[in-house]
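Worksheet: the structure to be examined is printed underneath.
The sequence lines fix the lettering, A, B, ..., with proteins before strands; numbering per chain opens at 1.
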Amino acid sequence: MSSVGKDIPHDSAKAHVSGESIYIDDFPPARSELIVDFYYAPTSHARIKSLDLSDASKVKGVHSLYTYKDLNSDNRFGPIVKDELLLVEDLIEFMGHPIVVIAAENLKAIKKAKNAIKIDYEELEAVLTIDRAKEKELYLGPTRRIKRGDVEAAFKKAEHIIEDEFVIHGQEQFYLESQAAIVYPKENGQLEVHSSTQHPTEVQEVIAHLLGLQMNQVVCITKRMGGGFGGKESQATHPAAMAALVAQKTKRPARIVFNKDQDMQVTGKRHPFKNKYKVAFDKSGRITALKADFFSDGGAFFDLSTAVMARALCHVDNAYYLENADIRGTICKTNLPPNTAFRGFGGPQGIATIENIMEEIAAYLALDPLEVRKVNLYGEKDRNVTPYGEIVFDNSLPLIFEELEKNSQYKKRKQAVDEFNSKSSWQLKGIAVSAVKFGISFNTKFLNQANALVNIYLDGSIQVSTGATEMGQGVNTNIKQLVAGAFDIDHEQVIVMPTSTEKNNNTSATAASSATDLNGSAALDACLKIKAALTELAARIIQSKELEIQASPSSIVFENGFIYDRRRPATKLTFKELVKQAYLNRVSLGERGFYATAGLDWTWEAGEEKTAAGHPFLYYTQGAAVTELTIDKLTGEIQVDRVDILMDIGNPINPGIARGQLSGAFVQGMGWVTSEFLSYAKDGTLMSHSPTTYKIPNIQDTPKVFNIDWIDRENKVNVAGTKAVGEPPLCLGLSVWCAVKYAMRAASGGKIPKLELPASNEEIVMRLAEFSHSNKERAVLSKN
Amino acid sequence: MRDYLVFYVNGEECRVSGADVFQPLSSYLRYQKGQTGTKIVCEEGDCGACSILLGRADNGKITYKAINSCIQYLYQIDRCHIVSIEGLKNDGELNPVQEAMVKCHGAQCGFCTPGFVVTMCGYFDEQKKADPQSIKDCLTGNLCRCTGYEPIIKAGMNVDPEAIIPLAKLYPAGEMLRCFEQAGKESVQIKSEEQTVFIPANLEDALKFKAANPDAIVVSGGTDLSVIMNKRSYEPSSIMSLCNVEGLDGIKSTNGIVNVGARVTLSQLEEFFKERVPEFHNILWVFGSPQIRNAGTLAGNIANASPIADTPPFLFIMDALLELRSSKGTRQVRINEFYKGYKKFDLQKDELITSIVIPMPKKDELIKLYKVSRRKHLDISTNTAAFRLSMKGNQIENIAIAYGGVAATILRLPKTEEFLTGKELTVSNIEAAAEIAVSEISPIDDVRGSKAFRNQLARNLMMKLYFDLSEGRLAACPQ
């Protein structure tokens, strides 16, 4: 019956469709509960001269107000560099930075208190763009570099060179459930924190640090999130810490739930990048050298920016072999909320850069962009080493490209697209293939570890607890299937419990697509320990019934809910009977498992030139997609006509859940490259701070034809032969952007059509207006 | 005079009075009834996580429509039956929509899921057939960030409509209808410390109240006012809710003139114009979401006076009339003369808009309406344009043009109209007209687009008209 590989429903599906799943704000309010909110910086960069809370504290219904002075120890924290202040001391570094925590009996009192807070400050120059930060040399950390070969020598010999700059804007995570936490004060200063977080351990650690507690005094529990997408990796910590402060001070339960506008205004987003690049290539389009200089907008504090940049640098090669490469990355410090994790974590920005280059080389050489991609593709036996030195082993890209080109009828459709464009008056069609080769594992080696707790009860039912957090991606369902598979019992006998730092300590964030890989492996480790003991016992029990054989653990089989000796298959124990016997024979029915990914290494400072090198990833998840779309030239409206996705995701543990990750990630990526536009006022105010003004894809925007498939290939190095699938398909959303870029070729009068990301309707209309203007000028010139 | 609201939630009678009536239905359900399946995300009707089915008495039965409960305040739902996600199971078992969502992986994080299930249940309560497009059309108002929608569309296609138990059967209407009828006999007034709401039982009471309380804010669908209340702490001291006023909810058509009552919803309008003026229907189709259209009214869209409202450009080119009534009498105003500046219009404090009179297109007239927004569906416009014209061969005989999103109010473009009258339909004439159009407008930079973009769109929409005309994509409306 092995439950691994089965398409069973998500373990919360029935509760989800009934409205019975519990999220933070669904907890029934405790009688003495306080509502927590915060007053935040009304400007982007300023020095506070005075802060007067006297009127605010008198508002009816307000219980108390807290500032940084109420935090017990050092007010600084951060996931990598401890530079962020939970509450502003005197320097406001971004609009939305919390200054005062407000605890009140009701929302009305909070609103009134916010209006009653008096603040006086001296405005400082707000740095709100990458360009301005560069002018002022405001950076977070050192410039990092990946280098191979000799780019300068290659440029000297180059047949062709393109040199330009590529602008990539940010993206809001837009999880449906905004940031939320409830904290219950317990005995002896202990706190029980319920947080909508991807990283319970970080919430625990930061709260302990800010409130002067030992980590063992704080328990953080996460049942589920209403979406995370990276936005709750490091930044769920802030609301939880504010509620914890109130709970600690008042000894009353404290609840904080951001509203959507507030959430979008104060939290960080996908990093905007502005990347300079210089690429040399031959007449076939094969790249001989790439020099790239990445600049990301890190916002006011480090947050995860260095790790995001690392992944961006490690993904600029994407699916393509770069013989000579010199890639640098610098993080700009600006007065915007600290930018943070978002599905892909820098990977998409690196990949976008090279996919843009592929389209530009093809436009420059008047070639089919697919042919340019194919001549650059990583090989299976040679041309298969990344610029940082990792071998792309078991490379499935050549197979994927071949199958996808054939099955999608790319050639025929591209011809039809070109023909259409030669005739159409007001529409353009575009078609493009883009690829992904996404490194799986955290770049930071020590994060690649996990522990799990498996408890079997007397009736044979099982509880599993791991550090993985469930945000819809189905990690709990995957783990449940792995555990059921380990004993070959019905998956209904297994429940995955809420994530809690009480059961699993020092866990890594549910991030980097690797939650199933790491936590599933740890859970299996625990299962195998129990199973070994059960096997011994079963051998003895069966031998006691079948006296003519010797007890032989190696002959014991767990199959279909039964346990038997393969030499005497008729004598069966049910799993429940064996468990009961184990209890009576005092054999442990609970174990803790541990997993650490083997063979990883990574340094930023290899060799004399101090460049990056190593083997940061256990394997790569790979794939490609073809998108065909139609653009209204006059309004910039895009209709995605057809998408074909083909990936190598190993053997999925649950094909239905894997498929949902593919469709969901693709559409999220499509939103990033088309309609999702973050609009800021001159003073740094985010103007698109709710779904009225920030447009994630709607059901009407889904591709008219949407084919999703994967190749049949086991991933031998990972648990159950599977591959991580959370982030990689998001990068395939870039095929939509590339198809727009290709369509623009038909209107650009032979020039490379420049295009920012996202290709919003405004970007498309204004670019086309530029083309038609310059085309007209050329026509006038040639007449003269 | 009644001093409480009466409505039903999942078949159970609820009476609410005092300060509690001044809260959104979603908050009431979650925090007072403890029914937390209804989720609150955007509080502005743009995500659908709070969708519920609103049942109103309708000729001896109760008709249910999906609406956003975050922007329906309780004083808007007097004499209604609310069915929320908690009320949709059949005898404790998942219903066919829920079953299909489970089977097809239609839920991931689950936060948007109740809204999707409710909306889809509303659809299958009315419709016995589904295709991918009809599923998309019914779910335009529900955002999902996890699934990419593909599994949800699949779930919709996997529902067996025959297996659906109709809401009329789950919740027999008899007792509720009797209660509603009894309660409808008198007007309602409810006060809190800071606010008063009056719910007139008829138009006469409404006009009297407005005369006595000229500053009272009038709420019908509330799809805009409730957003301002949620987001900007707007707390009008006096509110008049029209939810019980009968006689304003019909559409009449006589001799080429259509009369639309002030409480007619955009959904009703969408249905009415489907065959009659397909262009207007298409604009209504992309207007907001089904949940918004089921609540919002044409009169509300007019009185909201936004320069980017989607319905007025059509009304401008049709030279529609607004019927305004007060206790003193009735007058009519041309919509072309109604707006006096940004959010300013010619409506006296004691007057109500009671109906909108729209002359239908004549036999040879062509109508073309455009709406440009960042996202096609459920988005507020960057620019809008409306054209009404008649052609004689390749010559433009008459033309009326209205542009939205390019000034403080929606504009007619008299100079452009004058220039084009009598001109041949050629690229150069249209290009010249486009430049005149740009000279007549004064767009601004904002979150929906830059000034330069809006000017370019003003040109492009003129060119779009040219292509639609010259490539034969415009047909006269059926008479």
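Proximity to chain B (any heavy atom under 4.5 Å) is restricted, for A:K111, to the side chain, taken from C-beta onward. At a 4.5 Å heavy-atom cutoff, the contact between A:N654 and chain B is made by side-chain atoms alone. The contact between A:D26 and chain B is made by backbone and side chain atoms together, counting heavy-atom distances below 4.5 Å. Both the backbone and the side chain of A:E177 come within contact range of chain B, judged by heavy atoms closer than 4.5 Å. Using a 4.5 Å cut-off between heavy atoms, A:Q173 contacts chain B through its backbone alone, with no side-chain atom that close. The part of A:E20 that comes within reach of chain B is its side chain, from C-beta onward, which places non-hydrogen atoms under 4.5 angstrom from that chain. A:S663 touches chain B through backbone and side chain together, each having a heavy atom under 4.5 Å away. Of the atoms belonging to A:N761, heavy atoms from both backbone and side chain fall under 4.5 Å from chain B. Contacts of B:Q35 with chain A are absent, with no heavy-atom separation under 4.5 Å from either backbone or side chain. With a 4.5 Å cut-off on non-hydrogen atoms, A:F677 touches chain B through its side chain but not through its backbone.
In terms of non-hydrogen atom pairs under 4.5 Å with chain B, the most contact-rich of A:G636, A:P28, A:A13, A:G474 is A:A13. For the options A:S178, A:G228, A:G671, A:P697, heavy-atom pairs under 4.5 Å to chain B are most numerous at A:P697. Between chain B and the residues A:V257, A:D7, A:L634, A:D261, the largest count of heavy-atom pairs under 4.5 Å involves A:L634. Between chain B and the options A:T635, A:T693, A:D25, the largest number of non-hydrogen pairs under 4.5 Å is found for A:D25. Ranked by heavy-atom pairs under 4.5 Å with chain B, the list A:Y175, A:F229, A:F706, A:F666 is led by A:F229. When the candidates A:I657, A:I699, A:T702 are compared by the number of heavy-atom contacts under 4.5 Å with chain B, A:I699 comes out ahead.
Residues B:K136 and B:T140 are not in side-chain contact: their nearest non-hydrogen atoms beyond the backbone lie 4.5 Å or more apart. Counting heavy atoms from C-beta outward, A:H10 and A:Q473 have side chains that stay 4.5 Å or more apart.
For A:K223 and A:F27, the positive end is not near the middle of the six-membered ring at less than 6.0 Å and at most 45° from its axis. In this structure, A:R224 satisfies the cation-pi test against A:Y23, with its NZ or CZ atom closer than 6.0 Å to the six-membered ring centre and inside 45 degrees of the ring normal.
Between the side chains of B:T147 and B:Q108, no donor N or O sits under 3.5 Å from an acceptor N or O. Side-chain contact of B:E43 with A:N259: a donor-acceptor pair under 3.5 Å is absent, judged by distance alone.
The pair A:K108-B:E194 meets the salt-bridge criterion, since a charged nitrogen lies less than 4.0 angstrom from a carboxylate oxygen.
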